[in-house]
Amino acid sequence: MRSAAERAVHAVGAWTLRRSALGLLAAAAFFWFSLQPSLLPRTWVLQAVLSGVLTAIGYGLGVLVELVGRAVVRRVRVERAVEPRGRRARLWLPATAAVLVVLTYGRSVERQAWTYERLGIEEPAWPVLGVPLVTVVVLVVIIGVALLLRRLRDVLARRGRRVLGPVVASVVATALVAVAAVAALNTWAYQRTLDGLNSSMSLADTVLTPFDPDPPRTPYATSGTGSDVAWDGLGDQGRTFLGRRPSAEAITEVTGEPALEPIRLYVGRGTADTVAERVTVLLEEMDRTDAWTRRVIVMNVPTGTGWMNEQLFVPLEYLHDGDSAVVGIQYSHLPSPVAYVMEQDAAIVTARAMIEAVRARVDAGAETARPLIVVTGESLGAYGGQGAFTDLDAMTTQVDRALWVGTPAFTQLRRTAERERVRGSRQVAPVLGDGSTIRFANRVSDLDGATPRVTYLQNADDPIVWWEPSLAWDEPDWMRERRDPAVSPYLRWWPTGTFFALALDMAVGNDFDEGNGHLYGTQPLDAWLAMLPQSRWDGARVEALRERLRGVR
């Protein structure tokens with residue numbers, strides 16, 4: 001009689017024999033790759049989810065290759081010469097893969113320690129069995145769904161053979177199941193999730209809560225004294241932006257110079273129904289506050305939720321002693337990734353309408369009183385802002401200065417800059433011409449000695465900057481070229497795997513200190529000092545402003 005251990009080994013062997021040997025080998029390879037370092041460290045739970053998804057993908061690809069191979073073998077009638085025979089022969093391949101995974105597991109985890117050490121954070125204690133166990137759970141769920149769909153396809157194919165024949169019935173059944181699965185996923189998961197987000201975020205934008213700031217009591221802000229714009233139509237982020245406007249006294253406290261009350265204007269989606277109407281409201285607010293007479297007009301393109309990152313424009317309010325007007329128009333109330341999926345054109349359309357309208361009014365004014373025209377944006381705001389210009393030359397001529405922070409990879413003008421970069425310069429820091437007009441900076445030191453008109457701040461380990469769909473099938477230049485010191489030397493490109501790894505990195509992009517991931521902190525201050533040098537701002541004054549900005553979000 002067999003012992004319990006022998007029965008367990010026999011059961012595992014029998015289960016393995018029923019699986020695709022090549023599929024198991026590919027699954028092991030993809031599991032191993034899922035443990036490799038990415039741009040940012042991840043929790044062990046996220047690691048396990050990534051491992052489960054990639055292991056399932058690896059198994060599926062292995063099964064597909066094996067099925068195609070067997071079809072070819074049967075076609076040329078050489079299956080006896082290549083088909084493994086015997087239990088041991090069919091077990092050695094997956095057994096070898098399993099042994100290799102066990103032997104390399106510890107080393108793979110150790111390689112991720114480099115990233116934790118670089119960031120100066122404590123490496124989490126990954127449960128030795130935690131990642132594999134959760135990986136198995138995720139894998140079982142995915143394979144279970146796949147087997148259920150396969151079972152349904154087989155049932156449909158058998159019933160259709162009498163009428164359509166075996167080949168046509170199989171193709172039709174596969175197509176029907178695929179369409180039904182995609183439709184169900186879209187209806188019950190994707191669309192309901194989007195609708196839920198849309199409903200909840202819309203409600204948060206239009207319903208005032210006790211946590212909202214009070215309307216401003218100044219004529220220099222939207223919904224303030226003399227403004228006809230309703231406070232509840234500005235959205236949560238718009239109300240926050242207006243409620244944080246620094247006073248002239250706060251500016252003087254840092255600069256030591258007399259200051260004006262800075263102007264802040266914002267138009268929410270709830271203020272008007274169309275983009276044209278929102279632009280009209282903004283222009284009316286700029287007329288009301290006489291924003292055209294200010295020394296600098298800053299057009300900030302917000303992120304998907306309407307968030308105006310104050311790090312991008314507060315420095316200008318201080319550097320110009322409050323003689324400024326910061327304006328913005330909300331184009332969505334959804335988080336940027338969702339807004340890009342549902343309303344990707346809205347960011348560009350709104351930014352273009354705002355920039356063109358403001359520029360036209362400035363050009364129509366007196367030449368001697370012309371303010372400095374500045375445009376800025378972060379993340380999806382950078383995508384929308386750059387989309388307002390037809391090309392790089394238009395951007396450098398239609399506005400006086402532009403600052404883009406964490407520009408997504410799918411932004412057309414950034415792509416153009418990468419294609420037209422000076423030969424020998426890297427994708428992570430492309431050089432255009434002599435680098436005096438447009439400057440890409442991975443860190444503040446990259447701006448030393450430069451006075452560009454346009455600055456791109458993009459951390460080398462910012463997953464939002466480097467994630468793109470083509471990562472699934474093509475290795476990008478920045479991984480082939482000399483690595484930036486912020487990128488792990490152990491990072492390797494892998495078909496499909498890198499795509500999912502960087503996608504998960506985006507979920508933790510803001511979880512680290514300033515200058516890492518998607519968190520740029522006070523770096524925009526240094527960019528503005530490079531683009532608009534201030535002779536009266538010495539090191540002590542700059543550091544006092546930087547300290548004031550550290551808590552700003």
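Position 1 is the first residue of the sequence; numbering continues from there. Computation of the quantities below employed the complete heavy-atom set of this structure, encompassing side-chain atoms and omitting hydrogens, waters and symmetry-equivalent molecules.
The pair E547-R550 counts as a salt bridge, with a side-chain nitrogen and a carboxylate oxygen less than 4.0 angstrom apart. Salt bridge annotation for R264-E285: absent, with no cationic side-chain nitrogen under 4.0 angstrom from a carboxylate oxygen. For the pair D321 and R536, the salt-bridge criterion is met [side-chain N within less than 4.0 Å of a carboxylate O]. Salt bridge present: E481 and R421 bring a charged side-chain N and a carboxylate O closer than 4.0 Å. R239 and D232 are not joined by a salt bridge, as no carboxylate oxygen comes within less than 4.0 angstrom of a charged side-chain nitrogen. The existence of a salt bridge linking R118 and D461 is confirmed by a sub-4.0 Å separation between a basic side-chain nitrogen and an acidic carboxylate oxygen. Checked for salt-bridge contact, R359 and D400 miss the test: no charged N lies under 4.0 Å from a carboxylate O. Look at R443 and D484 and you find a salt bridge, because one of the NZ, NE, NH1 or NH2 atoms lies within 4.0 Å of a carboxylate O, short of that distance.
No side-chain heavy atom of Y520 sits under 4.5 Å from any side-chain heavy atom of N309. Looking only at side-chain heavy atoms (C-beta outward), L234 and T222 come within less than 4.5 Å of each other. Within the 4.5 Å cutoff, no side-chain heavy atoms of I297 are placed close to those of V374. Counting only heavy atoms from C-beta outward, the side chains of M286 and V358 approach each other to under 4.5 Å. In this structure, S324 and I263 have side chains that are not in contact, with every pair of non-hydrogen atoms separated by 4.5 Å or more.
We find the NE2-OG1 distance between H320 and T255 to be 12.5 Å, quoted to the nearest 0.5 Å. Taking CD1 of I355 as the reference point, atom CD1 of I373 lies at 10.5 Å (rounded to 0.5 Å). Put simply, CD1 on I57 and CD1 on I142 are 7.5 Å apart, with the number rounded to the nearest 0.5 Å. Note: W231 CH2 to L242 CG = 5.0 Å, rounded to the nearest 0.5 Å. Taken from CD in E310 to CZ in R244, the straight-line distance is 5.5 Å, to the nearest 0.5 Å.
No donor-acceptor pair under 3.5 Å is formed between the side chain of R42 and the backbone N or O of Q47. A donor-acceptor contact shorter than 3.5 Å links the side chain of Q311 to the backbone of L549. Counting only distance, with no hydrogens or angles, the side chain of W493 and the backbone of W473 share no donor-acceptor pair below 3.5 Å. In terms of modelled atom types and a separation under 3.5 Å, the side chain of D323 and the main chain of R294 share no donor-acceptor contact. The backbone N or O of T407 lies less than 3.5 Å from no partner atom in the side chain of Q458, so there is not a single donor-acceptor pair. With D538 contributing its side chain and R541 its backbone, the two residues share a donor-acceptor pair below 3.5 Å. The main-chain N or O of D477 is found under 3.5 Å from a side-chain atom of Q427 such that the two form a donor-acceptor pair. With Q386 contributing its side chain and A382 its backbone, the two residues share a donor-acceptor pair below 3.5 Å.
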Practice item. Before giving the answer on salt bridge (charged side-chain N to carboxylate O under 4.0 Å, His left out), spell out for E253 and R548 the whole-Å C-alpha distance, their side-chain angles and the decisive distance to 0.1 Å. Key: CA-CA 11 Å; E253 184 180 334; R548 176 69 61 91; 3.4 Å; yes
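In this structure, Y220 places its OH atom where only 12 or fewer heavy-atom neighbours from other residues, nucleotides or ligands lie under 6.0 Å away. The number of heavy-atom neighbours closer than 6.0 Å to CG of D391, taken from other residues, nucleotides and ligands shown, is above 12. Surrounding CZ of R217 are at most 12 heavy atoms belonging to other residues, nucleotides or ligands under 6.0 Å away.
The cationic atom of R414 (NZ for Lys, CZ for Arg) lies less than 6.0 Å from the six-membered ring centre of W466 and within 45° of the ring axis.
Ring-plane geometry between F241 and Y266 is classed as tilted, the angle between the planes lying from 30 to 60 degrees on a 0 to 90 degree scale. In this pair, W467 and F499 present their aromatic rings tilted. The plane angle is within the 30 to 60° band.
What you find for A248 and P262 is that their closest heavy atoms are N-CD, 4.4 Å. Here the closest non-hydrogen pair linking P315 and L525 is CB-CD1, 3.9 Å. Nearest heavy atoms, R483 versus L491: NH2-O, 2.7 Å.
Listed by first then second residue, pairs satisfying side chain to side chain donor-acceptor pair (under 3.5 Å) with a partner in residues 430-440 read D434-S436, not counting sequence neighbours.
Here T522 pairs with E514, R546 under the side chain to side chain donor-acceptor pair (under 3.5 Å) rule; sequence neighbours left out.
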